[in-house]
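We count ligands from 1, going down the list as the structure has it; atoms in each ligand are counted the same way. The first residue in the sequence is number 1, and the count goes up from there.
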Amino acid sequence: MTDIELANLIFPNITKTVDDLEKRYPPRNLPEGAEVTRFAPSPTGFLHTGSLFTSMICHKVAKQSKGVFYVRLEDTDTKREIQGSGKQLIEQLNIFNVVPDEGYYGDHQEGDYGPYIQSERSEIYNIVIKYLISIGRAYPCFCKAEDLDFIRSKQEQAKLIPGYYGQFAKCRFLTNEERAERIKNGEPYVIRFKSAGNHVRKIRVKDLVRGEFEIAQNDQDIVIYKSDGLPTYHFAHCVDDHFMRTTTVIRGEEWIASLPIHVELFDAMGWKAPNYAHLPVIMKLDEQGHKRKLSKRLDNEAAVSYFLKDGLPTEALIMYLMTIANSNFEEWILQNKFEHMEEFKFSFNKMSLEGALFDIGKLTFFSREILAKKDKETFFNMAYEYAKEYDESLLKLIESDPDYFKAI
Ligand code: GLU
């Protein structure tokens, strides 16, 4: 049985090809140097301050280069999904003026490169997976949790790198006839990418924040298609950022370790990988004076909603986050009297590699400066809107004598 026959057996209803997708999603017609960026949240909870930081930079990079900023909802991890959180994330982004040019808008989608919700893109992923199977770069894997546990314990005993690779990748060695037989018998399976790499070899990668560096090649046969029929993050990232024609992937530095997987997937497809910028995480000093990551679990200020409830002007948080993003911004904004932020030129070179410390004192100073510059009517409207949403007793006071409130 050939690989093509196996691919047809697994995906009998997929008749379109990767070429059809290339035509359906052509390169974007944008001016030279325009960057296409995306914010790709998973609908798993509230808008994290770190996510606002990332999306603000994505938005800025697209705007200043006359490119496109879009939002894609990454909802393939159905177990972690929190109903309604996708829409809420977008609403909160809007409050901070981080508004996409296309993509997922919470209650609808807009743009020529959609669908922008991953769970609606199954056909696209399946077309690519079918192609990878047909060229011998992907295969069905029937290993159960016990098989994987057994492999792991053998690797632990032998002090080897854990994972599904090389000789441990059991299902790599099945014949296509065996695979077909087991599929016909209804055995559950996932699909794995067949890596051609070796972790003792190094590859050179380039990151817009940290420059060029070496990292071990990927050799893991990662799962690309789960038993629920949905893709994994690694695979969906490559397919989506290719066909949505992203030029610059801006994401948290926790993804650096997976970069070799992504590089190999792009290579296997013969696609040019996008530029990558991995952003440092935001840190905070704990009670003992140690630096640690801002934590969703431990820190109020990890959730953007905390600042909204506190009545902080949204521009203050955005400006403050830009001081973390670019070391020259603070001086610039002070000189510009907290105005015309859109004219500031963001640059990846001016980003510090160490995670910046969240400084609530500086944020409060920014808020004060910004509020002090508002005229009476604007300040009144801001306070009134805030009170309506968050503070009933303040609302009563304002409504009982609006003119007195304005006079104060
Ligand atoms: N859905 C991923 C996350 O929320 C996106 C990472 C990326 O930007 O590629 O972490």
Side-chain angles (χ1 to χ4, degrees), residues 35-62 67-82 84-90 92-93 98 100 102-104 106 109 113-121 125 205 207-209 218 222-224 226 230-266 271 273-282 293-297 302-304 321 325 348 351 355:
E35 298 193 54
V36 180
T37 63
R38 87 297 190 271
F39 175 51
S42 301
T44 53
F46 55 74
L47 184 64
H48 193 261
T49 305
S51 307
L52 179 63
F53 179 64
T54 308
S55 55
M56 169 195 82
I57 294 175
C58 293
H59 181 250
K60 182 82 180 163
V61 168
V68 176
F69 166 62
Y70 71 89
V71 172
R72 175 170 75 229
L73 191 70
E74 305 213 323
D75 62 342
T76 59
D77 192 349
T78 44
K79 281 191 226 91
R80 288 178 55 227
E81 180 158 355
I82 296 176
S85 63
K87 186 158 183 279
Q88 195 194 351
L89 287 169
I90 303 305
Q92 289 188 331
L93 276 191
V98 180
E102 70 178 50
Y104 170 76
Q109 301 180 48
Y113 290 82
Y116 297 90
I117 300 181
Q118 287 185 329
S119 58
E120 296 175 11
R121 297 175 60 78
Y125 304 126
V205 287
D207 177 87
L208 295 173
V209 183
N218 173 58
I222 59 141
V223 174
I224 54 177
K226 299 181 288 176
L230 288 170
T232 52
Y233 167 77
H234 304 301
F235 181 67
H237 148 54
C238 296
V239 173
D240 292 347
D241 283 314
H242 176 71
F243 286 118
M244 292 180 181
R245 308 294 174 181
T246 309
T247 61
T248 314
V249 168
I250 303 169
R251 60 184 180 187
E253 68 183 3
E254 67 274 19
W255 294 109
I256 289 183
S258 320
L259 196 52
I261 299 175
H262 307 153
V263 169
E264 194 184 2
L265 281 168
F266 275 104
W271 295 337
N275 292 325
Y276 284 98
H278 290 95
L279 306 183
V281 282
I282 303 177
K293 279 188 194 172
L294 204 57
S295 141
K296 286 192 201 181
R297 216 164 30 83
V304 159
L321 290 177
F348 286 110
M351 189 158 224

- Message: Quick check: closest heavy atoms across T248 and P274, and the distance to 0.1 Å?
- Response: N-CB, 4.5 Å
- Item | Exercise: identify the closest heavy-atom pair between I82 and T44 | CD1-O, 3.1 Å
- Does F39 come within less than 4.0 Å of ligand 1, judged by its heavy atoms? no
- Note on the structure: The atoms of ligand 1 lying under 4.0 Å from a heavy atom of S42, numbered in the order shown, are 1 (N), 4 (O)
- Who's the nearest protein heavy-atom neighbour of atom 5 (C) of ligand 1, and how far? A40 O, 3.2 Å
- Item | Non-hydrogen atom of E254 closer than 4.0 Å to ligand 1 | no
- Is there a nitrogen or oxygen of R38 sitting under 3.5 Å from a nitrogen or oxygen of ligand 1? yes
- Message: Parallel, tilted or perpendicular, judged at 30° and 60°: which one describes the rings of F243 and W271?
- Response: perpendicular
- For atom 9 (O) of ligand 1, find the nearest protein heavy atom and state the residue, atom name and distance (0.1 Å precision). Y233 OH, 2.4 Å
- Message: Check the orientation of Y70 and Y116. Use parallel for under 30°, tilted for 30 to 60°, and perpendicular for over 60°.
- Response: tilted
- Query: Can you tell if the side chain of M351 reaches within under 4.5 Å of the side chain of I57, non-hydrogen atoms only?
  - Reply: yes
- Message: Give me the nearest non-hydrogen protein atom to atom 1 (N) of ligand 1 as residue plus atom name, then the distance to 0.1 Å.
- Response: E74 OE1, 2.7 Å
- Query: Would you say the ring centroid of Y276 lies under 6.0 angstrom from that of W255?
  - Reply: no
